[in-house]
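Worksheet: one structure, shown below.
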Amino acid sequence: MRVAVVGATGYSGVEVIRLLQYHPRIELVKVFSSSQDGVPLRRVFPHLTNIFEKELTLIQEQELIEGVDAVFFATPSGISKEWIPALIDAGVTCIDISGDFRLDVDSYKEWYKKEPAPSQYLEQAVYGLTEVYEAKVKEANLLTNPGCFPTASLLGLAPILKTDWINQNSIIIDAKTGVSGAGRGASLGTHYSELNDNLKAYKLGVHQHIPEIERYASEIAGSPIQVTFTTHLVPMTRGILSTIYVDLAASKQTDEIIELYKDYYKHSPFVRIRPEGEFPSTKEVYASNYCDIGLLADPRTGKLMIISVIDNVVKGAAGQAIQNLNVMQGWDQTTGLLHTPIYP
Ligand SMILES: NC(=O)c1ccc[n+]([C@@H]2O[C@H](COP(=O)([O-])OP(=O)(O)OC[C@H]3O[C@@H](n4cnc5c(N)ncnc54)[C@H](OP(=O)(O)O)[C@@H]3O)[C@@H](O)[C@H]2O)c1
């Protein structure tokens with residue numbers, strides 16, 4: 001399969017490029033940038049020196065997309081919605097890592113403050129939370145990859161949302177991310193002296209992942225769900241840790257809940273449920289496509305605590321995007337993705 005990456009000079013794009021090297025069935029043929037034309041990719045990312053048999057050079061012209069079977073979009077919001085309709089109409093498979101196709105028309109306008117993609121393409125897009133929507137992903141040709149926080153949060157919540165064991169409107173998601181979540185561009189908020197030795201909450205009540213989590217949590221639960229969601233920036237490069245608190249409506253022990261999660265994810269090779277008393281940290285999934293989940297039903301407070309960790313640029317972006325393409329192609333979902341996390 002011949003693929004292209006648009007947004008190849010960014011963090012998610014370069015992670016798609018890194019991971020595709022291990023993929024036996026995909027050839028990366030084109031890399032796009034809107035700012036650099038004719039520049040070898042290794043100049044933008046020197047760690048890619050001598051990695052490819054044939055030098056990859058950044059190209060700009062949109063028409064050069066011709067001759068590819070699939071395109072990954074790793075662009076800021078507002079870009080892929082301009083490109084994807086024509087590509088889909090031309091029969092090219094599209095995987096969008098941005099948020100352009102994750103919401104409906106009204107929610108996109110409200111939360112992204114931009115004009116949405118034409119509604120027929122929004123309706124056609126399949127939400128690629130692979131572990132939950134595998135059957136739909138198999139049929140997709142326009143795949144909208146989940147956001148990084150929604151991936152960690154929804155995987156942490158999905159099994160319990162399917163039960164009547166919780167009060168569904170008591171969900172609090174306290175999430176923390178490493179700074180690569182903000183992309184490669186420099187900004188005051190991600191400046192070293194602003195970030196180092198610091199911990200801060202940001203985008204409270206206005207984060208664009210709120211409607212995404214609520215939309216798909218409601219779909220999974222089969223009833224409307226609202227969540228309290230806070231995001232924090234942590235002085236580390238990669239990783240997301242979501243601590244989720246939910247009121248238990250039924251008296252349940254931790255071991256019963258762990259069994260529920262293990263059963264729900266028994267065909268999901270990238271979700272690892274930790275044994276009782278073990279809680280994952282971000283380093284334990286670093287640079288891998290795993291989502292690790294630890295659980296505690298606290299008998300004292302009657303709350304369920306869920307710790308869900310991912311690498312934001314792998315399971316939260318590039319890795320999950322490739323996992324989805326694998327499913328769309330009918331290949332084993334782990335193809336090219338079974339890397340052990342890097343530790344320490
Ligand atoms: N970082 C994460 O952890 C993460 C996780 C999940 C999802 N995402 C989503 O993935 C997307 C990319 O995020 P990122 O963190 O990789 O950002 P990034 O590092 O800032 O990269 C953005 C890329 O988009 C390109 N770009 C900018 N304007 C463009 C335009 N008009 N046309 C075509 N390309 C353009 C940029 O390259 P040029 O300027 O060279 O064109 C760059 O390669 C975002 O939508 C983000 O929300 C990110």
Side-chain angles (χ1 to χ4, degrees), residues 4-19 30-41 43-45 48 56-62 64-65 71-84 87 94-103 108 111-112 114 117 127-129 143-155 175-187 189-190 203 207-209 212-213 231 233-234 236-242 282 285-287 289 291 309-324:
V5 174
V6 180
T9 60
Y11 284 160
S12 305
V14 76
E15 199 63 353
V16 174
I17 292 165
R18 180 179 76 89
L19 293 171
K30 288 175 182 175
V31 283
F32 288 79
S33 158
S34 66
S35 62
Q36 308 194 53
D37 198 7
V39 176
L41 188 61
R43 290 251 295 276
V44 181
F45 291 116
L48 295 178
L56 281 169
T57 299
L58 292 162
I59 42 178
Q60 263 187 298
E61 291 87 352
Q62 204 159 320
L64 290 179
I65 209 100
V71 182
F72 289 93
F73 283 87
T75 44
S77 61
I79 309 294
S80 63
K81 71 183 174 71
E82 303 297 333
W83 289 50
I84 283 180
L87 286 166
C94 294
I95 294 118
D96 186 18
I97 296 175
S98 87
D100 276 8
F101 291 85
R102 296 183 203 145
L103 301 179
Y108 186 85
W111 292 84
Y112 282 83
K114 290 182 176 143
Y127 191 66
L129 190 68
L143 189 290
T144 176
N145 216 52
C148 46
F149 287 119
T151 298
S153 307
L154 292 168
L155 289 177
K176 294 163 184 85
T177 182
V179 72
S180 62
R184 201 178 192 205
S187 70
T190 56
K203 281 197 176 178
H207 200 291
Q208 69 279 11
H209 288 167
E212 183 181 334
I213 293 171
T231 40
L233 194 57
V234 177
M236 61 184 190
T237 304
R238 289 173 182 239
I240 282 181
L241 185 148
S242 278
T282 54
V285 295
Y286 201 92
N289 200 49
C291 171
V309 300
I310 57 166
D311 181 309
N312 54 296
V313 279
V314 186
K315 183 59 174 164
Q320 182 158 236
I322 294 170
Q323 184 184 355
N324 278 315

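For this chain, numbers begin at 1 and follow the sequence in order. For ligands, and for the atoms within them, numbers begin at 1 and follow the listed sequence.
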### Message
Which residue and atom name correspond to the protein heavy atom nearest atom 6 (C) of ligand 1, and how close is it?
### Response
Gly316 O, 3.0 Å
### Query
Looking at atom 1 (N) of ligand 1, what's its closest protein heavy atom, distance included?
Ser180 O, 3.0 Å
### Query
Which residue and non-hydrogen atom of the protein lie closest to atom 39 (O) of ligand 1, and at what distance in Å?
Ser35 OG, 3.3 Å
### Query
Ile240 versus Phe149: any side-chain heavy-atom pair under 4.5 Å?
yes
### Task
Would you please determine whether Gly147 falls within less than 4.0 Å of ligand 1 on a heavy-atom basis?
no
### Query
Can you tell if the side chain of Phe32 reaches within under 4.5 Å of the side chain of Trp83, non-hydrogen atoms only?
yes
### Summary
If we number the atoms of ligand 1 from 1 as shown, the ones under 4.0 Å from a heavy atom of Ser98 are 45 (O)
#### Entry: Audit row: Asp100, Ser77, side-chain hydrogen bond (donor to acceptor under 3.5 Å, both in side chains) steps and yes/no
CA-CA 6 Å; Asp100 276 8; Ser77 61; 4.7 Å; no
#### Entry: Flag: protein heavy atom within less than 4.0 Å of atom 29 (C) of ligand 1
yes
### Query
Under a 4.5 Å cut-off applied to non-hydrogen side-chain atoms, are Val285 and Lys315 in contact?
no
### Nearest option to atom 22 (C) of ligand 1, as decided by whichever heavy atom of Gly183, Ser77, Ser34, Ala74 sits closest
Ala74
### Summary
Of all heavy-atom pairs linking Ile17 and Ala8, the shortest is CD1-CB, 3.8 Å
### Message
Could you check whether any side-chain N or O of Asn145 sits under 3.5 Å from a backbone N or O of Ala317, counting only pairs where one atom can act as donor and the other as acceptor?
### Response
yes
### Task
Evaluate the side-chain proximity of Gln320 to Leu129: yes if any heavy-atom separation is below 4.5 Å, no if none is.
yes
### Query
Based purely on interatomic distance, does Gly7 place a nitrogen or oxygen under 3.5 Å from a nitrogen or oxygen of ligand 1?
yes
### Query
Short list, please: which atoms of ligand 1 are under 4.0 Å from a heavy atom of Val313?
1 (N), 2 (C), 3 (O)
### Query
When you check the side-chain N and O atoms of Gln323 and Asn289, is any donor under 3.5 Å from an acceptor?
yes
### Query
Is Arg102 close enough and on-axis enough to Tyr127, meaning under 6.0 Å and within 45°, for cation-pi?
no
### Task
Provide the number and element of each atom of ligand 1 under 4.0 Å from a heavy atom of Asn312.
2 (C), 3 (O), 5 (C)
#### Entry: Nearest candidate to atom 8 (N) of ligand 1, where distance is taken over non-hydrogen atoms, out of Ser12, Ala8, Gly239
Ser12
### Task
Check each atom of ligand 1 against the heavy atoms of Ala317 and keep those under 4.0 Å away; list them by number with element.
5 (C), 6 (C)
### Task
Could you check which of Asn145, Thr75, Ile97 puts a non-hydrogen atom nearest to atom 44 (C) of ligand 1?
Thr75
### Nitrogen or oxygen of Trp83 less than 3.5 angstrom from that of ligand 1
no
### Message
Nearest non-hydrogen contact with atom 36 (C) of ligand 1 belongs to which option: Ile310, Thr9, Asp100?
### Response
Thr9
### Task
Provide the number and element of each atom of ligand 1 under 4.0 Å from a heavy atom of Gly181.
1 (N), 2 (C), 3 (O)
### Query
Measuring to protein heavy atoms, does anything land under 4.0 Å from atom 47 (O) of ligand 1?
no
### Task
Return the residue, atom name and 0.1 Å-rounded distance of the protein heavy atom closest to atom 31 (N) of ligand 1.
Ile79 CD1, 3.2 Å
### Query
Should we count CZ of Arg43 as having more than 12 external heavy atoms under 6.0 Å?
no
#### Entry: Atom pair CG (Leu41) and OG (Ser33), whose distance is rounded to the nearest 0.5 Å
9.5 Å
### Query
With respect to atom 27 (C) of ligand 1, which of Ser80, Pro76, Gly10 exhibits the smallest heavy-atom separation?
Pro76
### Query
Of the protein's non-hydrogen atoms, which lies at the shortest distance from atom 18 (P) of ligand 1, and what is that distance?
Arg184 N, 3.6 Å
### Query
So, do Leu103 and Tyr112 sit near enough that their side-chain heavy atoms are less than 4.5 Å apart?
yes
